[in-house]
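Order of the sequence lines fixes the chain letters, A, B, ..., with proteins taken first and strands second; residue numbering starts at 1 for each chain. Just so you know, these numbers use all the heavy atoms, side chains as well, and skip hydrogens, waters and symmetry mates.
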Amino acid sequence: MIQKQLESFIDDYLTSNDFELSNWSVSINIREGFGDYSSNVALILSKKIGKNPMEIAEALVAYHNKNEKLFSVSATKPGFVNFNISTHYYLDIMNNILNEGTDFGKPTKHDRSANVEFVSSNPTGPLTAGHGRNTILGDMVSSILSWHGYNVTREYYYNNAGKQMRMLAESSYAKYAKKIGKDVTPPENGYVGEYLDDIADEIIRKFGKDLDSNSEQFRTFTEEKIFDSIKNTLKNLRIEFDLFSQEQTFYDNGAVDNVLKELEKLSLLYKKDGATWFKTSSLGKKEDRVLVKSTGEPTYRLPDIAYHIDKVDRGFDLIVDIFGADHIDAYPDVLLGLEALGKKIDHIKVIVHQFVTLKKDNEVVKMSTRKGNFITLDDLIDQLGVDVVRYFFIMRGANSHLDFDFDLAKDESEKNPVYYLQYAHARISNLIVRYNNDIKEKTDLDLSLLVEKDEILLIKKLSTFPKKMDEIYESLEPRKLATYLEEVAASYHKFYGNHKVINLDNIPLSYARKNLCNATQIILKTGLSILGITAPEKM
RNA sequence: GCCCCGGUAGCUCAGCUGGAUAGAGCAACGGAUUUCUAAUCCGUAGGUCACAGGUUCAAAUCCUGUCCGGGGUACCA
């Protein structure tokens, strides 16, 4: 990569003068006028050696070997060192894009494994708009890792054995009872959503009207139905999980008890008020936390520790947890637990996202599965389409709150930037068809014919794709990919608007431009596929 | 109580591992279509980057404090 070469140029200069300096950088310039790349090295060195930064910058210019044609060096005002990169370099990269296609920029390493846990919603109701963020984010993070050569396990962890599920069964029975004319008071704080009415109808159809209140069906059938609906929603969103794991497993195989035993051995547990406390205060936290309630029931931290031990033991190179803000307090305790038990945790990345706020009729609605007060993800897909929904949830950074105004959603969807990207792709598809129709004549590809400003800017934008993907891998922020693709599309639309590709009077130029379109299409297609969004041929 | 996030253009937000004139979309206004898809392009207008200190050659970006807004959490998960 060019940036590395610029860095080593500066490095050479520094070592040849016996200067030791580390915190300087070379960065790409977005604005015009200061070259393609710049470095602050002179500004930083000036302090250390007490020399005017401008002089140092000039010294670097002098140090540059004029036979080096790849880049030129110049110095400007306060003491920036600016680099101009030869267009040949960019044209070479464009050639690579054309040759490598959708593999362009992809790391060749394939020997790493990753586990991404997301959604992890208990089967108490359908997936709602509120779940959308976690769901989409997790899927895109998984794709980003896949692209970077990881063998990714998408994992959905849930609990179908706890109090909430008992509550669900009771609620399901209450609906059933009501339908068959029995007078049963629904459980306090039970589930009241309409989806349970449909399930009650099905239970009546399938099992008749004589079921007893503690009949198994109210738990198993209800859960099955809800899980079917969740899986169907995931399918609608083009998401496929590799593994569904259950909390219950870790009770059954003794892992939970084992955690307690081991922590006990380390003297990290104590009893108080009938509960078992985890001495997190001795591990650097302000307060201790309860692992087993006085009722004998564990808090969710405990099985979570057992579950994470299992994940660590499965030997992944990278473990990613996608959590909502409600876990912000708890996951550090889980990690502390792991660490205390001698497990490696530095390969666990936790992505915490803020919640989605739903607005309806200009009022904020607190979504609650229990109260049946929600808009489902399926509703959103019906209204907006999968592409828009997927894009929508990553348009904001994960740790910004996301306001969702349902009344405006449809309206906004028409202005959704996803169409801007897709339109660029469709435009290119159409153009290539036209080109093949209009121009039959063969000619050699001469990319150096591309000299217009719009062409060069587009090529430069395309060339940064691998670097951008590295950044996205480091941060695991799909939004950055979306932003980049919007820039590519904008750059393309501009080029398209100002220059005609098909020109029968200049076949070589037409051919070069058509190849620029091809290269752009490759980048758009690659990016969109990572985001799980379609790249349409026509719009 | 403890914790998290945010405050940047009229609106929604980028930029935040410090860099040279603070960006985009929407909305507003004015243009471009005999021409490869106008879901596009070009232009105009719009800003004390909440406030106050501090660190630095350099702060929207880092630190401290204040104010405002949103959210989470407690032996429910």
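Taking the side chain to side chain contact (heavy atoms under 4.5 Å, CB included) definition, one finds that A:Pro186 meets it with A:Ala174, sequence neighbours left out. Listed by chain and residue number, A:Asp333 satisfy the salt bridge (Lys or Arg N to Asp or Glu O under 4.0 Å) test with A:Lys285 (two or more places apart in sequence, or in another chain). Remark: A:Glu486 engages A:Tyr391, A:Pro417, A:Leu421 in a side chain to side chain contact (heavy atoms under 4.5 Å, CB included) (not counting sequence neighbours). A:Asp321 meets the salt bridge (Lys or Arg N to Asp or Glu O under 4.0 Å) test with A:Lys311; sequence neighbours excluded. Every residue two or more places apart in sequence or in another chain that forms a side chain to side chain contact (heavy atoms under 4.5 Å, CB included) with A:Arg396 is listed here: A:Arg133, A:Leu402. Remark: A:Asp252 engages no residue in a salt bridge (Lys or Arg N to Asp or Glu O under 4.0 Å) (not counting sequence neighbours). Remark: A:Tyr191 pairs with A:Thr124, A:Gln164, A:Met167, A:Leu168, A:Ser171, A:Tyr195, A:Leu196, A:Thr369, A:Arg370 by the side chain to side chain contact (heavy atoms under 4.5 Å, CB included) rule, at least two apart or across chains.
When each of B:C36, B:G70, B:C75 is scored by its nearest atom to the side-chain atoms of A:Lys500, the top-ranked nucleotide is B:C36. In this structure, of B:G71, B:C75, B:C4, it is B:C4 that holds the atom nearest to the side chain of A:Ile328. In the set B:A77, B:G72, B:A39, the nucleotide with an atom closest to the side chain of A:Asp329 is B:G72.
Residue contacts shown for A:Ala426 include a base, since a base heavy atom lies under 4.0 Å away. Within 4.0 Å (heavy atoms only), A:His499 reaches at least one base atom of the nucleic acid. Contact annotation for A:Pro303: no contact, since no heavy-atom pair falls under 4.0 Å across all strands. Among the atoms of the strands shown, only primed sugar atoms or phosphate atoms (P, OP1, OP2) are found under 4.0 Å from some heavy atom of A:Tyr420. The residue A:Asn503 sits apart from the nucleic acid: no heavy atom pair falls under 4.0 Å.
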Summarise how protein sits on nucleotides 12-21 of chain B as a single string, 5' to 3': B when a protein heavy atom is under 4.0 Å from the base, S for sugar-phosphate-only contact, - for no contact. SSSS---BBB
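On the C1' atoms, B:C2 is 47 Å away from B:A45, given to the nearest whole Å. The gap from the C1' atom of B:U64 to that of B:U21 amounts to 30 Å, rounded to the nearest Å. The P atoms of B:C76 and B:C13 are separated by 34 Å, rounded to the nearest whole Å. Using C1' as the reference atom, B:G10 and B:C4 are 30 Å apart when rounded to the nearest Å.
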Extract from the structure each pairing of a protein N or O with an N or O of nucleotides 30-34 of chain B at less than 3.5 Å, listing the distance.
none

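Contact annotation: A:Arg427 reaches the phosphate of B:A38 (side-chain N/O to OP1 or OP2, under 4.0 Å).
Between A:Phe323 and A:Phe118, the gap from one ring centroid to the other reaches at least 6.0 Å.
Within 3.5 Å, no donor on the side chain of A:Thr295 pairs with an acceptor on the base of B:C75, nor the reverse.
Comparing A:Ser294 and A:Arg434 by the nucleotide of RNA chain B whose heavy atom lies nearest to each, the residue mapping closer to the 5' end is A:Arg434. When the nearest nucleotides of RNA chain B are assigned to A:Glu287 and A:Lys538 by heavy-atom distance, the more 5′-ward of the two goes with A:Glu287.
Shown are A:Gln248, A:Glu223, A:Glu247; of these, the side-chain hydrogen bond (donor to acceptor under 3.5 Å, both in side chains) with A:Asn160 is made only by A:Glu223.
For the pair A:Lys468 and A:Tyr484, the cation does not sit on the ring face, since its NZ or CZ is not both under 6.0 Å from the ring centre and inside 45° of the axis.
For residues 449-461 of chain A, every residue pair satisfying the side-chain hydrogen bond (donor to acceptor under 3.5 Å, both in side chains) rule, not counting sequence neighbours, is listed here: A:Asp36-A:Lys460, A:Asp454-A:Asn498, A:Asp454-A:His499, A:Glu455-A:Arg513, A:Lys461-A:Glu487.
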Show every donor-acceptor pair shorter than 3.5 Å between a side-chain atom in residues 73-84 of chain A and any protein atom, with sequence neighbours excluded, or say none if there are none.
{"residue": "A:Thr76", "atom": "OG1", "partner": "A:Asn82", "partner atom": "ND2", "Å": "2.9"}
{"residue": "A:Asn82", "atom": "OD1", "partner": "A:Ser38", "partner atom": "OG", "Å": "2.6"}

Dot-bracket for RNA chain B: what is it, with Watson-Crick or G-U pairs under 3.5 Å, [ ] where a pair crosses earlier ones, and | for a pair to another strand? (((((((..((((.....[...)))).(((((.......))))).....(((((..]....))))))))))))....
